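Worksheet: the structure to be examined is printed underneath.
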Amino acid sequence: MALRLYDSMTRELRVLSPSHADGVFRFYNCGPTVYAPAHIGNFRTFLINDVVRRLLELQFGPAKVKHVRNLTDVDDKTIKRARDEGRPLADVTRQWTEKFHADCAALNCLVPHDEPRATDPRHLRGQVDMIDVLLRKGNAYRAPDGSVYFKVSSFPGYGALSRVKERELQPGDALKALAADADEKEDGSDFALWKAWKPDDGDNQWPGPEGAAPGRPGWHIECSAMSKAILGETIDLHTGGVDLLFPHHENEIAQSECCNGQQLSRHWYHSEHLLVDGKKMSKSLGNLYTLDELTAKGVSPMAVRYALLAGHPRKQLNFSLDSLHAAESAMAKLHAYGQSLSTDGDAVALDPVRAALHDDLNIPAALGALFTLVNRGPQGVPKAAFDEVLWTLGLKPTAPGAAAATAPAPVVALAEQRWTAKQARDFKAADTLRGELAAAGWSMLDGKDGYKLEPLKK
RNA sequence: GGCGCGGUUGCCAAGUGGUAAGGCCGAGGUCUGCAAAACCUCUAUGCGUCGGUUCGAUUCCGACCCGCGCCUCCA
């Protein structure tokens with residue numbers, strides 16, 4: 001079954017395939033800026049890319065996929081955070097990198113094969129080298145303050161991805177934004193490759209390209225340099241959120257292709273944003289959720305994963321807390337179904353599910369096909385094939401309440417009393433104790449040979 | 001203003017030129033001392049509005065209304 005994915009560049013569905021002689025599929029996914037906890041909108045993108053990674057592994061074999069996701073550890077936001085907290089930049093980015101990794105693990109994301117950082121000396125050198133080449137080739141120029149800018153007019157292909165040439169800048173806001181660097185740039189659409197040190201940058205500066213001032217790399221160049229260093233000049237797939245389409249990816253293409261004289265990526269894929277209450281998440285709207293905030297409400301990370309994957313990746317998904325309840329219930333159903341399966345049956349039963357995933361990552365259709373199967377019963381569905389589909393989606397369903405083994409001792413004592421009373425068929429006492437447990441905020445689920453405790457749902 | 005996306009049942013969400021997957025919620029039932037879990041059954045003559053094409057449109061075309069995103073460092 002061929003794996004087809006929408007290509008933002010050609011705007012059509014195209015089959016994914018490796019292009020290098022070694023048969024290794026080269027996959028670069030733009031990662032987070034590590035200055036704060038990632039929010040669930042960020043994770044929607046990373047989760048979608050995690051499913052892409054899994055599908056690629058199934059398609060080409062685990063050893064034939066190389067997945068790279070960068071960490072942006074130097075930019076205005078990280079530097080500002082470090083300055084505000086009076087800490088070294090590296091401390092701040094290490095803290096939030098660790099948090100990002102913990103969240104990714106909780107959400108059951110596969111670990112990328114490489115996770116390059118912009119300030120890694122090796123990659124800093126790579127970025128400077130690229131800028132040197134661009135300067136030499138005439139695609140870049142030094143500004144009076146020692147910064148280096150990319151000369152957009154030197155690259156005829158500029159705008160192919162975002163159709164920027166068909167755009168017109170809004171006279172109001174855009175010009176204001178451009179005015180900030182107006183003195184340094186030759187043209188408003190030029191963008192920074194290297195930013196000369198400013199007092200706000202504090203201790204954070206590195207030797208720059210030839211003839212440039214010490215400072216730090218511009219944002220876009222890191223992906224170009226690190227992708228080249230790890231995956232080579234031409235990669236097979238480059239992904240990110242739609243917001244990166246312009247200018248980030250457009251600029252990456254310009255830098256890389258002018259520097260290398262090779263196509264940067266054979267395929268581009270962008271996932272849509274997560275909305276909350278119908279709007280993009282933002283601090284000013286106060287509709288921004290982190291994983292911790294959701295798990296604090298008693299939601300399992302797996303339910304968060306399910307909820308974030310439940311919409312078509314190329315369509316905006318409107319997130320709500322209700323969707324998490326739906327996700328928990330759906331996961332419980334999948335878990336029960338998985339328990340009922342045996343080795344009997346034919347893996348083709350799962351083909352409709354796989355077909356939907358292979359058809360431009362249509363996860364909602366795949367889930368629909370999966371539940372159609374679930375509703376038909378376990379006959380003819382082998383457990384291994386079912387498990388493989390769950391693995392592809394990265395879902396690990398659990399029984400309801402399975403995680404709730406950590407009741408406080410007094411609650412456990414009450415539960416023990418009630419269990420004893422129940423065994424003695426003293427139902428009056430058992431009911432009273434159920435009431436006391438409820439008052440303590442716990443619910444007791446009786447089984448045949450024992451019980452489980454779980455926090456009372458509100 | 002430019003570029004792009006979307007409006008499907010109470011909520012979420014697929015999809016198709018021949019009359020609408022699936023999840024949640026809800027209702028009924030089986031089971032259970034109770035409660036849960038599990039399982040079974042039911043739940044859109046309708047897919048933003050108005051026209052057009054067609055034997056037939058939710059699906060194609062046009063217009064309009066509404067919502068969302070991007071438009072220089074936000075996944």
Side-chain angles (χ1 to χ4, degrees), chain A residues 11 29-33 38-49 72 75-77 152 162-174 177-178 180-181 185 188-192 195 218-220 239-248 250-251 270-275 278-282 306-307 310-312 314-320 322-334 336-337 339-340 352 356 362-375 377 399-401 422 425-428 430-431 434 438 443-448 451-452 454:
Chain A
R11 298 193 178 183
N29 170 21
C30 279
T33 302
H39 55 68
I40 57 171
N42 298 319
F43 278 117
R44 164 142 127 125
T45 297
F46 299 129
L47 253 14
I48 287 166
N49 278 282
T72 298
D75 79 323
D76 290 346
K77 292 191 296 284
V152 166
S162 61
R163 312 296 199 270
V164 78
K165 283 181 180 165
E166 298 164 16
R167 297 170 184 234
E168 285 175 22
L169 289 181
Q170 171 82 304
D173 302 343
L178 292 174
D181 291 332
K185 292 185 193 178
S189 58
D190 293 346
F191 57 89
K195 304 177 92 150
W219 176 37
H220 316 296
T239 67
V242 275
D243 52 315
L244 298 185
L245 219 143
F246 184 84
H248 185 53
E250 197 71 74
N251 292 351
H270 296 90
S271 46
E272 258 295 349
H273 278 146
L274 184 73
L275 305 182
K279 307 273 187 203
K280 184 177 164 177
M281 281 194 289
S282 71
Y306 186 102
H312 190 113
R314 288 197 296 111
K315 210 172 149 184
Q316 291 168 346
L317 176 66
N318 194 8
F319 177 84
S320 68
D322 280 347
S323 69
L324 295 172
H325 300 141
E328 295 276 21
S329 299
M331 296 273 288
K333 201 166 171 179
L334 288 176
Y337 182 71
Q339 296 294 304
S340 73
N362 194 338
I363 299 172
L367 289 172
L370 188 60
F371 276 101
T372 299
L373 221 54
V374 169
N375 291 332
K422 190 194 156 182
R425 303 195 68 79
D426 181 356
F427 297 127
K428 191 171 270 181
D431 286 349
R434 181 181 283 291
S443 153
M444 184 162 168
L445 310 176
D446 295 352
K448 205 166 128 196
Y451 61 87
K452 277 189 248 179
E454 72 175 23

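These numbers come from a predicted model, not from an experiment. Chain naming here is simple, since letters A, B, ... match the order of the sequence lines and numbering starts at 1 in each. What you see below is based on every heavy atom in this structure, not just the backbone, and it leaves out hydrogens, waters and symmetry mates.
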For A:D431, answer base if it contacts any base atom (sugar-phosphate contacts may also be present), sugar-phosphate if it contacts only those atoms, and nothing otherwise; contact means non-hydrogen atoms under 4.0 Å.
-> base
Is A:N251 touching bases, backbone alone, or none of the nucleic acid, heavy atoms closer than 4.0 Å?
-> nothing
Could you please name the option among [options] that lies closest to any side-chain atom of [X]?
| X | options | result |
| --- | --- | --- |
| A:F191 | B:C74, B:U72, B:C34 | B:U72 |
| A:T33 | B:A13, B:G23, B:A75 | B:A75 |
| A:K422 | B:U72, B:C74, B:G33 | B:G33 |
| A:N375 | B:C34, B:A13, B:G23 | B:G23 |
| A:S189 | B:G6, B:U72, B:C74 | B:U72 |
| A:N362 | B:C24, B:A14, B:G69 | B:A14 |
| A:K315 | B:C74, B:G23, B:A14 | B:A14 |
| A:P364 | B:A75, B:A13, B:G23 | B:A13 |

Hey, does the side-chain of A:D446 have a donor or acceptor N/O within less than 3.5 Å of a partner on the base of B:C34?
->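 Looking at the base of B:C34, it does pair with a donor or acceptor on the side chain of A:D446 (distance under 3.5 Å).
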Checking only heavy atoms, does the side chain of A:R434 share a donor-acceptor pair with the base of B:C34 at less than 3.5 Å?
->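 Side chain to base: pair found, below 3.5 Å.
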Does any donor atom in the side chain of A:T33 or A:D75 lie under 3.5 Å from an acceptor atom in the other side chain?
->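 A:D75 and A:T33 do not have a side-chain donor-acceptor pair below 3.5 Å.
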Separation of [N] [atom2] from [X] [atom1] (nearest whole Å):
| X | N | atom1 | atom2 | value |
| --- | --- | --- | --- | --- |
| A:R314 | B:A14 | CZ | P | 11 Å |
| A:Q316 | B:U8 | CD | P | 14 Å |
| A:L275 | B:G7 | CG | P | 13 Å |

Duplex segments of RNA chain B, taken as runs of at least three Watson-Crick or G-U pairs that stay under 3.5 Å =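 Stems (3+ consecutive pairs) listed as B:1-7 with B:65-71, B:10-12 with B:22-24, B:26-30 with B:38-42, B:48-52 with B:60-64.
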Considering only atom P, compute the distance from B:U45 to B:C3 and round it to an integer number of Å.
->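 So the two P atoms sit 39 Å from each other.
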Nearest-nucleotide check on RNA chain B, A:S329 vs A:A310; residue mapping nearer the 5' end is A:A310
Is the A:H248 ring parallel, tilted or perpendicular to the A:H220 ring (thresholds 30°, 60°)?
->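 Because their plane-to-plane angle lies in the 30° to 60° range, the rings of A:H248 and A:H220 count as tilted.
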Do we see A:F371 stacking on the base of B:G22, given a limit of 5.5 Å between centres and 30° between planes?
-> no
Going from CZ on A:R434 to CZ on A:F427, what distance comes out if it is rounded to the nearest 0.5 angstrom?
-> 11.5 Å
Min side-chain heavy-atom separation A:N362-A:H312 under 4.5 Å | yes
